[in-house]
Amino acid sequence: MDWLGQKRAEMLMQVLLVASAVVAFVVGYVRADFQLMLLVYAGGVVLTAFVTVPNWPFFNRNPLKWLDAAEAERHPRPQVSAGGAAGGGKKKSGKNK
């Protein structure tokens, strides 16, 4: 799943969960049945999981372009200096001398 596919899946998940909650509330209110409301919402959650969890092809429309090994060797990683900001400074003591 690419980055835009993840965003699409997240948005689709939110929309489906809110829609199933609204439908479940309306059905439960009209029928005056709390158990039916929970069952309708649980069905919406299962449907949402079925739509958003698998790696469907429409989530892979913008694949990442990785560098091949030869190209990666021409662009070395940046070097981190050993005496960086993490251990370089002295602590000031709280005592006045």
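Just so you know, residue 1 is the first one in the sequence shown, and it goes up from there. Bear in mind that the values here come from a model prediction, so they are computed numbers and not experimental data.
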Original post:
For the hydrophobic clusters of this structure (ILVMFWY residues joined by side-chain heavy atoms under 4.5 Å, transitively), does one cluster hold both Leu47 and Tyr41?
Top reply: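 No.
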Subject >> Distance, nearest 0.5 Å, that separates CG of Asp33 from CG of Leu39 >> reply: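 The CG atom of Leu39 is 8.0 Å from CG of Asp33, to the nearest 0.5 Å.
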**OP:** Would you give the length of the straight line joining atom OG1 of Thr52 to atom CD of Gln6, rounded to the nearest 0.5 angstrom?
**Re:**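 Answer rounded to 0.5 Å: 12.0 Å.
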Subject >> Shortest non-hydrogen contact between Phe59 and Met1, atoms and distance >> reply: CD1-CE, 3.7 Å
Original post:
Between Pro54 and Ala49, what is the shortest heavy-atom contact and its length?
Top reply: CD-O, 3.5 Å
**OP:** Test Val18 against Gln14 for side-chain contact (heavy atoms from CB on, under 4.5 Å), laying out the working first.
**Re:** CA-CA 6 Å; Val18 169; Gln14 290 178 2; 5.5 Å; no
Subject >> Pair Leu4-Arg61, side-chain contact (heavy atoms from CB on, under 4.5 Å): steps then yes or no >> reply: CA-CA 8 Å; Leu4 292 175; Arg61 291 184 181 164; over 6 Å; no
**OP:** Can you establish whether the number of heavy atoms outside Phe50 located under 6.0 Å from its atom CZ is more than 12?
**Re:**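 No, CZ of Phe50 has 12 or fewer neighbouring heavy atoms, counting only those of other groups under 6.0 Å.
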Subject >> Evaluation steps, side-chain contact (heavy atoms from CB on, under 4.5 Å), between Val23 and Met37 >> reply: CA-CA 8 Å; Val23 169; Met37 180 187 73; over 6 Å; no
Original post:
Is there side-chain contact between Leu17 and Met13, with heavy atoms separated by less than 4.5 Å?
Top reply: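 The answer is yes; the side chains approach within 4.5 Å.
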Original post:
Are Arg31 and Val40 close enough that some pair of their side-chain heavy atoms sits under 4.5 Å apart?
Top reply: no
Original post:
Ignoring hydrogens and geometry, is there a side-chain-to-backbone donor-acceptor pair from Arg8 to Trp3 under 3.5 Å?
Top reply: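 Answer holds: no.
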